[in-house]
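Only one structure is covered here, and it is reproduced in the block below.
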Protein chains: 2
Amino acid sequence: MRLLPVDEIQIDLPIVNDSGGAERAERCDAAANRARILAVAERLMSVRGVAEVTMADIARAAGVGQGTLYRRFANKGELSLALMDRQFREFQDTVMRQINWMVGARAARLGQLEWVLESLIGFAEKHSALLCEAERGGVDVPNAGPQAPPMMWQYLTIRGLLQAAVDAGEVSRETDVPVTADMLLAPLHPSTFSFYRRARGYSIERINAALRRIVGHLPR
Amino acid sequence: MRLLPVDEIQIDLPIVNDSGGAERAERCDAAANRARILAVAERLMSVRGVAEVTMADIARAAGVGQGTLYRRFANKGELSLALMDRQFREFQDTVMRQINWMVGARAARLGQLEWVLESLIGFAEKHSALLCEAERGGVDVPNAGPQAPPMMWQYLTIRGLLQAAVDAGEVSRETDVPVTADMLLAPLHPSTFSFYRRARGYSIERINAALRRIVGHLPR
DNA sequence: ACTTTAAGTGGACAATTGTCCGCTTCGTGT
DNA sequence: ACACGAAGCGGACAATTGTCCACTTAAAGT
């Protein structure tokens, strides 16, 4: 993950880089195993539910040892994230393209921010089970939990748009952009969002509307 | 936990009821064990750190079986919560008394809300390790995790004050009070707050200021 | 004092995550 | 072709949380 300036839209938005490029290629037996593991995991989880499948189940069904499984995916969260990888990239593409289009249409920055948050709510809803698994992982472990690239991308995107809104004078220059971006995202943390939906029973529309009101009324 | 109308301040604020009152009293050997367990747990955790002490450690050091330990405290979270019980009650008292005083002084509802949030930030900071343990526990398990009485009290208090602010015309009547209250609290969820402090490195002051700006600019 | 019984007790056991480490195999350089 | 080292492999094992259940005991009624 690194920051790239996207000239057309004059703000810094993140892109996810699939690899540093410097690492040695994966051995092909290993690649075959990885593919098999992912296929098996997807099938098992879709049949029995994400939380009801254990790492041992997956290893057994894929015909590999647990050591092999853990060599590829450091923990269940990383595996869950890998299962979403393609859909996440597509989601990311869609969002970036839409942002570019909105910029072309001279849309307000805050409007873009609201649109992205709504999209993120949709994504959180669709993949809440996998995301909840992915969320676990030490808070300070570099590439796990909230620091995993997809979560980081969400944060950097929101932060970038909020900063753009500040630069455009739509939001006060006093705003603490990094902290505020985190706060806008806090209700979308997988376990929090899942709590709202299941335990509190809030509809997606209510969640979206309430968040929109907050964003739409940031100072200035 | 039930709601009581507090007449002096004309809003519904929650109080925690220690027990329904109908249950048979605890056998005295059991009470002694509970006290010993709590004392031992407190000592072990203060010496080695909350996360580094296991339930088995505590049972061993307290001279009871694990079954006994789990009979009193259904999981590590409940034990952690019990360790905070006294400090939490004192905190709760302080907050309620301050609210009453502020009401007497005709302070703005939003000001009260901001003050409570600041207090909650202080509490989250002081007890973050124990709160992080307490947080774990299924999202839909009635009295665990986010549904545990102390968390519920936080939520009901914030929601009550926000509703009062709406009733007083300080915030738009369109506001979705339950959802918005949850969103104001989301950044204070133990693991989220801990992430801000440790991984992001935000100071308490920045967190408080950013939250205050959001509260202070809710619509209307 | 004696009986009764619900509550309490303890430790074995299940379930799960994640680690370790000796053995195997790929693929690369010679 | 062949040797060699890094990468891969797998299953035993450690750690931890939480459950179960046969046994024990406090304390209330007679």
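The sequence lines fix the lettering, A, B, ..., with proteins before strands; numbering per chain opens at 1.
Within 4.0 Å (heavy atoms only), Arg60(B) reaches no atom of the nucleic acid at all. Arg34(A) comes within contact range of no nucleotide atom at all, as no heavy-atom separation falls under 4.0 Å.
Within the 4.5 Å cutoff, the side chain of Ser191(B) has no heavy atoms near those of the Glu135(A) side chain. Contact check for Met183(A) versus Ile214(A): no side-chain heavy atoms found under the 4.5 Å cut-off.
Between Asn33(B) and Cys28(A), the residue whose closest nucleotide on DNA chain C is further toward the 5' end is Asn33(B). Judged by closest nucleotide on DNA chain C, Arg27(B) is the one of Arg27(B) and Gly63(B) placed further toward the 5' end.
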Solution key, residues 30-37 of chain A side-chain donor-acceptor pairs under 3.5 Å, sequence neighbours excluded:
| from | atom 1 | to | atom 2 | distance (Å) |
| --- | --- | --- | --- | --- |
| Asn33(A) | OD1 | Arg36(A) | NH2 | 2.4 |
| Arg34(A) | NH1 | Glu26(A) | OE1 | 3.1 |
| Arg34(A) | NH1 | Glu26(A) | OE2 | 2.3 |
| Arg36(A) | NH1 | Ala62(A) | O | 2.4 |

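Atom pair Phe73(A):CZ and dT19(C):P shows a separation of 15 Å (rounding to whole Å applied). Atoms CD1 (Ile58(A)) and P (dG11(D)) sit 17 Å apart, rounded to a whole Å. Here dT24(C) presents its P atom at 16 Å from CZ of Arg71(A), a figure rounded to the nearest Å.
Every side chain to side chain contact (heavy atoms under 4.5 Å, CB included) that Ala61(B) has, sequence neighbours left out, goes to Val40(B), Leu44(B).
A tilted orientation is assigned to the rings of Tyr196(B) and Tyr202(B), their planes being inclined by 30° to 60°.
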Give each protein N/O atom lying under 3.5 Å from an N/O atom of nucleotides 16-19 of chain D, with the pair distance.
| from | atom 1 | to | atom 2 | distance (Å) |
| --- | --- | --- | --- | --- |
| dT17(D) | OP2 | Met55(B) | N | 3.2 |
| dG18(D) | OP2 | Lys76(B) | N | 3.4 |

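Atom-to-atom distance recorded for Phe91(B):CZ and Leu120(B):CG is 4.5 Å, nearest 0.5 angstrom.
Side-chain N/O atoms of Thr68(A) include one lying less than 4.0 angstrom from OP1 or OP2 on dG10(D).
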